[in-house]
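As structure tokens, the structure follows; a few thoughts come after it.
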Amino acid sequence: MDSRFLHLLESNIAPTPLEVVAIQAEVERLSSMDHPTQHDPELEATLERYRGILSPIRQIPSEIWGEIFYFATPATVNEEDKDDLIDLCCVCSTWYEAALHAHGLWANIHLAPLPEGKQYIYSNLVSWLSRSGDLKKGLEYRANVWEDYDREDDNDGGPTEEGFCPCHSGGSCMWMEDPVVARLITEGPLLLHRVRFRNMYPRCIGNAMQSFQVAKSGSTSTRPWNQIQQLELKMSTMCWQGGWDSSSEVPFRLIPPSVSSLVISLPRRRWAFDTQVECDRAKIDITSSIIERLTSLVLTCDWGHLHIVTILQHCSNLETLHLEFGSRNFEFDDIDPIIRRVQAEGGIHLPKVHTLRLYDGHLSPILFLQWIKTPALRLLDLETGEIYSDVQDVCPNWTDTLDEFVARSGCARGIQYLRIAIHQQGLIRLDHDGIFSERIGAFLSSLTSLTHLAFVNLPIKPVLRVGSQNVDTSLQDTLNHDWFPQLQSLQILLCWDGNHNFDRDQWLTFFRTRFRGRQSRCWIHIETAREWWDADFKLEDIERHLRGTSDTLEADLRISLSFSLDFGRWARSRRVDL
């Protein structure tokens with residue numbers, strides 16, 4: 001081995017361009033020697049070392065290694081992930097430097113209560129977060145969960161409360177046993193952008209937040225706790241004990257005024273309350289001044305519409321709203337004075353909301369649209385929970401509800417993204433007249449700025465019929481102008497049309513009617529179930545059928561079409577490359 005290249009053999013340093021030329025010349029010289037290399041183990045080993053130096057992996061820039069580490073590591077690093085990241089740093093000096101310069105690796109830490117008698121080391125926490133440079137920093141603290149305790153210690157093998165805070169069994173709150181985290185948030189030299197409490201009882205979160213109110217040094221305004229922007233209070237633990245009481249309401253009263261993004265996940269009603277009356281009397285006691293500052297709100301609540309309306313009526317600066325209604329289907333009545341006032345005012349006015357996501361709760365996402373006005377809306381994502389056959393008689397017509405909501409809000413020209421879905425599990429296929437009417441085409445054609453549209457688990461037949469010869473003439477006249485003039489992406493996923501058969505001519509008619517004359521390209525993806533096709537169709541026939549459809553659309557309308565065939569719940573989807 002040439003002594004000029006020894007430093008490259010002892011490291012993963014990339015050779016310089018001159019060294020690459022010299023090593024390539026040496027490889028060519030050794031390879032052209034008269035005797036075969038396979039009969040000279042020493043020469044063969046030397047060539048292997050030279051080729052290793054020339055390996056493309058050595059040429060990967062340090063920044064790329066840092067990006068690879070970032071995507072291979074969870075966004076929030078816990079104790080186990082910390083060890084994995086340190087192992088990466090120990091591979092070589094190049095990887096060590098790459099990890100240190102990938103500031104995102106160090107920006108978020110995930111802490112959980114330690115065994116009795118142990119504490120986190122303050123200087124280690126500060127040092128870890130300091131490596132994130134100027135990036136926004138986050139701290140996540142959660143109660144232990146089931147995998148955090150040894151099941152062999154469970155004598156009867158049944159569910160226990162081990163892993164959760166012992167204060168519910170008469171012990172000390174876990175936040176009182178380890179003051180290091182409180183010191184980091186009250187006295188630490190680093191400004192935290194976000195703090196998350198996960199899987200914790202409300203009173204434990206309250207204990208933690210109360211410990212942040214007093215600092216040994218520094219002014220109130222400079223404490224890290226009083227400067228956080230994002231706060232997450234996840235109270236839905238795997239097991240609930242004790243019920244809701246006044247101590248459970250403490251965390252809401254202690255939210256710092258600096259918070260602009262708030263996530264609240266409440267315990268399920270059936271775990272926290274014995275009766276609906278108790279639930280109605282409970283308070284999500286956030287001051288109106290804090291609610292008015294919020295620009296982002298995520299709320300998971302199955303307690304009833306009153307609690308949600310009470311919060312939203314003060315959200316004058318909210319830009320992003322994400323509501324999850326849980327498993328309950330709300331009945332939006334007019335008994336409460338607050339609800340009656342909201343009705344009289346024509347709904348809750350959310351003037352700055354541009355992103356609205358409503359999930360779960362059977363029909364609650366659709367019903368809730370009748371209660372709000374969002375004139376600045378650009379993204380609307382609706383996903384109902386399980387729909388049972390006994391609600392079909394009271395199921396609102398989704399077309400009418402959507403149309404009325406958009407008209408009331410005045411946002412038809414602003415909506416760019418629309419997704420409408422039914423949660424797949426427990427789906428009952430209702431009569432499509434109870435979901436979409438044939439006027440769905442008129443509604444969609446009014447969304448002149450729409451760029452992304454998705455239907456999931458919905459009856460698609462009323463949509464496909466728009467533009468066919470069977471549609472009422474008066475309706476057809478309203479759709480003579482181009483549908484989706486700005487559309488870039490259309491997804492039709494696991495939708496059904498009543499007869500479970502894929503009608504190629506009907507799809508072609510739909511696309512030709514609605515997309516003719518467009519100059520811009522549109523990407524369309526359709527995911528179908530295997531039972532949509534006639535039993536006589538073989539997989540090869542289906543794929544050939546779909547390719548023919550795709551070629552026609554590409555040639556006529558500049559539509560890029562792809563399909564996925566779903567062969568059942570436990571089978572993987574097969575993508576058809578077209």
Side-chain angles (χ1 to χ4, degrees), residues 312 315-323 342-343 345-359 363-384 396-421 432 435-456 458-460 462-467 471-472 474-492 510-511 513-520 522 524:
L312 292 185
C315 291
S316 56
N317 288 298
L318 205 61
E319 298 176 3
T320 299
L321 175 60
H322 180 150
L323 293 181
V342 167
Q343 286 182 320
E345 295 174 353
I348 302 171
H349 188 53
L350 302 172
K352 296 184 180 181
V353 167
H354 56 70
T355 299
L356 178 63
R357 292 185 170 91
L358 305 175
Y359 295 160
L363 297 174
S364 295
I366 302 297
L367 293 169
F368 194 74
L369 292 178
Q370 305 172 39
W371 290 75
I372 56 177
K373 295 183 293 185
T374 55
L377 192 64
R378 296 198 301 269
L379 182 151
L380 178 59
D381 187 359
L382 304 174
E383 181 173 316
T384 68
N397 186 285
W398 294 15
T399 303
D400 294 341
T401 303
L402 286 166
D403 193 30
E404 292 171 359
F405 162 69
V406 170
R408 184 189 330 114
S409 300
C411 59
R413 297 184 179 182
I415 294 179
Q416 300 174 5
Y417 177 101
L418 175 63
R419 175 179 175 268
I420 310 175
H432 65 76
I435 298 181
F436 290 149
S437 70
E438 290 179 349
R439 293 192 304 103
I440 184 65
F443 164 70
L444 292 174
S445 66
S446 69
L447 308 180
T448 54
S449 298
L450 198 65
T451 59
H452 296 80
L453 175 63
F455 297 105
V456 184
L458 287 165
I460 204 65
V463 177
L464 295 182
R465 289 183 61 186
V466 174
V471 177
D472 181 80
S474 61
L475 173 62
Q476 186 66 54
D477 290 341
T478 66
L479 299 174
N480 285 334
H481 58 285
D482 286 342
W483 221 27
F484 311 141
Q486 307 294 329
L487 196 67
Q488 302 171 13
S489 171
L490 172 63
Q491 291 182 305
I492 301 176
F510 166 74
F511 290 130
T513 303
R514 300 276 55 92
F515 292 85
R516 186 177 300 280
R518 287 171 51 93
Q519 298 301 316
S520 58
C522 182
I524 298 177

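Only heavy atoms go into these numbers, but all of them, side chains included; no hydrogens, no water, no symmetry mates.
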Test side chain to side chain contact (heavy atoms under 4.5 Å, CB included) applied to His452 and Gln488, Gln491, Gln416, Gln486, the passing residue: Gln488
Check: Ser449 side chain, Arg413 main-chain N or O, donor-acceptor pair, under 3.5 Å: yes
Gap separating the CD1 atom of Ile372 from the OG atom of Ser409, nearest 0.5 angstrom: 6.5 Å
Atom pair CZ/CD1 of Phe405 and Ile366 - distance to nearest 0.5 Å: 10.5 Å
Value rounded to 0.5 Å, distance of NZ in Lys352 from CG in Leu350: 12.0 Å
Nearest heavy atoms of Ile348 and Leu312, plus distance in Å: CG2-O, 3.6 Å
Interatomic spacing from CZ in Phe436 to CG in Leu458 - rounded to 0.5 Å: 5.0 Å
Leu447 and its side chain to side chain contact (heavy atoms under 4.5 Å, CB included) partner, picked from Leu418, Leu487, Leu402: Leu418
Salt-bridge contact Glu383-Arg419 (side-chain N to carboxylate O under 4.0 Å): yes
Smallest separation among heavy atoms of Pro351 and Ser316, with atom names: CG-O, 3.5 Å
Distance (rounded to the nearest 0.5 Å) between Leu444 CG and Asp403 CG: 10.0 Å
Side chain to side chain contact (heavy atoms under 4.5 Å, CB included) between Leu369 and Leu382, worked out: CA-CA 10 Å; Leu369 292 178; Leu382 304 174; 3.7 Å; yes
Atom of Cys522, atom of Ser489 and distance for their closest heavy-atom approach: SG-N, 4.1 Å
Spacing of NE2 belonging to His349 relative to NZ belonging to Lys373, to within rounding of 0.5 Å: 6.0 Å
Smallest separation among heavy atoms of Thr384 and Pro365, with atom names: CA-CG, 4.1 Å
With Thr320 via side-chain contact (heavy atoms from CB on, under 4.5 Å) - residues at least two apart: Ser296, His354, Thr355
